[in-house]
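Scope of the values below: all heavy atoms of this structure, side chains included, with no hydrogens, waters or symmetry mates.
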Amino acid sequence: MAVASSQRKRTPESAAIRSANVPPLHRRPAWALLDQHYQKLKRVHLRQLFADDHRRGERLTSEAAGVYLDYSKNRITDETLQLLLQLAQESGLRDRIDAMFRGDKINVSENRSVLHVALRAPRGATILHDGRNVVPDVHAVLDKMADFSARVRSGQWKGQTGKRIRNVINIGIGGSDLGPVMAYEALRHYSDRRMTFRFVSNVDGTDFAEAVRDLDPGETLFIISSKTFTTLETMTNARTAREWLLSAMKGETAAVARHFVAVSTNTKEVAKFGIDTTNMFGFWDWVGGRYSMDSAIGLSTMLAIGPDNFRAMLGGFHEMDEHFRSTPFERNLPVLIGLIGIWYNDFFGAQTVAVLPYEQYLKRFPAYLQQLTMESNGKHVTLDGMQVDYDTGPIFWGEPGTNGQHSFYQLIHQGTRLIPCDFIAFTKPLNPLGRHHDMLIANVFAQTEALAFGKTADQVKAEGTPDWLVPHRLFEGNRPSNTILLDALTPAALGKLVALYEHVVFTQGAIWQIDSFDQWGVELGKALAQRIIPELESATEPKLEHDSSTNALIRRYRKLKGAV
Ligand code: F6P
């Protein structure tokens with residue numbers, strides 16, 4: 001079905017992006033070759049691939065910016081890689097990378113540049129947006145954040161009653177929450193332990209109530225983080241926070257300036273809310289929400305870990321950006337991971353990817369990645385607005401190891417679905433405790449080995465297993481994984497890891513020729529909720545014009561809450 005491409009406003013730049021002459025995916029020569037190749041390879045076992053090449057485990061690896069990738073336990077051969085690299089080339093990946101770094105408006109449906117890479121460019125670099133170098137603007141905001149963080153962290157910034165700030169609550173949702181909360185958890189080791197950090201995102205009042213129940217308003221600073229400053233959840237929580245503060249401050253509205261700061265692109269709405277715009281930290285429409293944790297949206301991160309650590313994190317991001325921008329594709333980590341992901345998604349029909357960090361501090365990393373990957377690549381039309389006839393973004397999910405091993409790994413090992421896994425681990429622990437770390441890392445290596453090689457019926461029988469039990473106890477193996485190893489979870493390492501996945505998403509979006517930077521799919525539900533809210537709250541019986549199910553649910557809710 002052709003989606004109404006003619007209804008979309010075509011911009012000159014989006015036309016330029018299309019005119020890169022990238023044929024539809026199925027018409028790129030590498031696609032047909034990969035399809036034929038898949039028919040040959042789909043039954044080949046990893047046991048065979050490893051037996052055929054004793055150096056495979058050393059050869060199919062790549063290392064850059066302190067990130068070591070072992071991709072040998074994937075169902076690929078040199079020919080697969082060569083064809084995938086050919087696909088990248090035929091998909092114009094190089095041109096698209098250059099277009100992003102050049103500031104072209106590659107977010108075609110919103111006619112915006114995609115310049116999160118400018119957020120971590122070093123002082124002195126030049127990245128142009130509409131002819132203007134944005135790097136000095138980025139550093140001006142970083143300097144303002146650093147100055148503010150230093151004042152709060154040192155106790156120089158006082159609350160309305162003269163107390164120092166001990167609690168920071170970030171109010172935001174989606175990219176204005178998941179990045180900050182993930183980064184705070186990930187870098188907790190480096191945080192100021194005298195301060196408390198909390199994150200309120202859900203419009204469910206429980207989120208706010210539980211976040212503040214043991215806090216002194218006089219010691220609490222709210223960061224209202226919202227790119228648009230119009231998001232229902234965030235503005236509702238922000239208003240509740242203001243009431244909570246003012247009720248403790250006996251209605252003293254001047255307290256708002258001491259206890260509220262804003263991070264936004266929307267100065268007008270920030271001022272309308274009553275936050276002094278001198279206490280506003282800006283960013284720009286060329287930063288997507290899910291790509292914003294290293295912008296002013298990271299203010300809570302900087303308050304927690306301090307400006308120097310925050311800058312070290314940006315340094316890590318930048319190192320991975322430079323690797324992605326300039327390294328030949330055959331050694332380029334995001335490109336390799338992205339292409340191997342395409343192989344499983346579009347040829348093996350894998351529906352999901354499991355991300356399994358063996359690092360407790362990364363417990364929110366899978367949740368963060370869900371927005372990054374699925375809001376970016378959960379798209380059904382190409383840049384041209386044509387319905388795709390192939391699968392785009394897979395479902396990302398995961399939990400830290402070893403916990404996941406005792407819940408869902410059963411399905412990965414013996415279930416009927418193919419689930420490619422990314423195992424992430426660090427060679428040095430941040431909390432060295434006896435033998436813990438060796439045990440943790442042994443489990444990473446054991447899991448990838450078990451997934452790849454399994455255990456044959458003969459091996460199971462040789463252990464004395466009765467015949468009837470053998471099928472239950474065998475592991476067919478041939479289940480693919482990447483192993484991503486870094487040194488230690490430092491701020492720089494986190495930056496590298498996040499940038500790695502950002503560019504994996506970019507690589508895949510380029511192959512699928514989709515807009516990885518819009519998110520129209522979230523709009524319909526938001527609009528319908530706005531229509532339903534007054535229907536739930538109305539003092540008189542509202543005239544309902546939804547479908548019969550929605551009408552009945554609304555009536556039932558109203559009845560049970562005693563509205564009628
Ligand atoms: O609803 C999705 C979304 O627009 C995300 O893309 C974004 O990160 C989130 O909402 C929050 O938006 P804002 O920062 O404008 O409040």
Side-chain angles (χ1 to χ4, degrees), residues 45-47 49-51 53-63 66-75 185-189 333 337 340 353-366 369 397-415 418-456 458-460 462-465 472-490 493-494 496-497 500-501:
H45 202 288
L46 278 165
R47 287 184 204 122
L49 296 176
F50 272 83
D53 173 6
H54 291 283
R55 290 195 54 251
R56 182 180 169 94
E58 289 135 50
R59 233 170 31 79
L60 300 192
T61 64
S62 190
E63 186 169 11
V67 180
Y68 178 80
L69 169 68
D70 174 353
Y71 57 96
S72 64
K73 292 191 184 90
N74 280 296
R75 293 170 67 173
E185 292 295 345
L187 301 177
R188 207 178 183 144
H189 184 75
L333 304 180
I337 297 176
I340 292 169
V353 176
V355 179
L356 309 164
Y358 278 63
E359 169 53 73
Q360 188 60 23
Y361 285 124
L362 286 182
K363 65 180 180 193
R364 296 287 288 167
F365 193 64
L369 271 193
W397 58 288
E399 275 288 318
T402 58
N403 293 5
Q405 291 176 204
H406 298 271
S407 68
F408 54 78
Y409 278 39
Q410 165 66 37
L411 185 147
I412 307 181
H413 282 285
Q414 285 191 319
L418 181 81
I419 301 179
C421 301
D422 286 354
F423 286 81
I424 301 169
F426 297 84
T427 54
K428 293 200 185 80
L430 294 179
N431 295 294
L433 274 182
R435 299 169 61 214
H436 283 250
H437 200 64
D438 287 345
M439 289 182 187
L440 179 74
I441 299 302
N443 274 280
V444 177
F445 301 158
Q447 289 298 327
T448 64
E449 189 177 12
L451 286 168
F453 302 103
K455 197 174 189 183
T456 62
D458 288 343
Q459 287 171 316
V460 178
E463 289 170 349
T465 308
H472 297 275
R473 300 198 55 172
L474 77 79
F475 291 73
E476 66 187 17
N478 216 13
R479 296 174 187 232
S481 65
N482 289 311
T483 304
I484 299 167
L485 271 184
L486 296 94
D487 190 34
L489 179 51
T490 58
L494 182 70
K496 290 171 194 179
L497 202 55
L500 172 73
Y501 279 98

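- Contact record, A354 with I412: CB-CD1, 4.4 Å, taken as the closest heavy-atom pair.
- For the side chain to side chain contact (heavy atoms under 4.5 Å, CB included) with L362, the qualifying choice from L489, V355, L356 is L489, the only one to do so.
- A493 approaches F426 most closely through the heavy-atom pair CB-CE2, 4.4 Å.
- Checking N482 against N74 by side-chain atom types alone, a donor-acceptor pair falls below 3.5 Å.
- Side-chain contact, N431 with Y361: a donor N or O sits under 3.5 Å from an acceptor N or O.
- Side-chain contact, Y358 with Q405: a donor N or O sits under 3.5 Å from an acceptor N or O.
- Checked options I337, D422, L69; the residue passing with L500 is I337 (criterion: side chain to side chain contact (heavy atoms under 4.5 Å, CB included)).
- Put simply, the side chain of F423 reaches to within 4.5 Å of the side chain of C421, judged on heavy atoms.
- A heavy-atom distance below 4.5 Å is not found between the side chains of L485 and V444.
- Neither side chain, T402 nor N443, offers a donor N or O lying under 3.5 Å from an acceptor on the other.
- Expressed to the nearest 0.5 Å, how far CG of L494 lies from CD of E359 amounts to 10.5 Å.
- Here the side chains of K73 and F453 are in contact, with some heavy-atom distance below 4.5 Å.
- A 4.5 Å side-chain heavy-atom check between P480 and L418 finds at least one atom pair inside the cut-off.
- A donor and an acceptor atom, one from each side chain of H413 and Q447, are located under 3.5 Å apart.
- Applying the side-chain contact (heavy atoms from CB on, under 4.5 Å) rule to R59 yields the partners D53, R55, D78; only residues at least two apart in sequence or on another chain are considered.
- When every heavy atom of R473 is checked against every heavy atom of T465, the shortest pair comes out as CD-CG2, 4.0 Å.
- Residues P366 and G398 share a closest heavy-atom pair of CB-O, 3.5 Å.
- When all heavy atoms of R364 and E185 are compared, the closest pair comes out as CG-CG, 4.0 Å.
- Looking at F365 and L497, their side chains come closer than 4.5 Å, going by heavy atoms from C-beta outward.
- Shown here are the side-chain contact (heavy atoms from CB on, under 4.5 Å) partners of Q459, two or more places apart in sequence or in another chain: K455, T456.
- The closest side-chain heavy-atom distance from I484 to Y501 is below 4.5 Å.
- Checking each of T61, L60, T448 against D70 for a side chain to side chain contact (heavy atoms under 4.5 Å, CB included) leaves exactly one that passes, namely T61.
- For the pair R479 and I419, the minimum side-chain heavy-atom distance is 4.5 Å or more.
- Between E63 and Y68 the shortest heavy-atom distance is OE1-CD1, 3.9 Å.
- A cation-pi geometry, defined here as NZ or CZ lying under 6.0 Å from the six-membered ring centre and within 45° of its normal, holds between R56 and F50.
- Note: K496 NZ to T490 OG1 = 6.5 Å, rounded to the nearest 0.5 Å.
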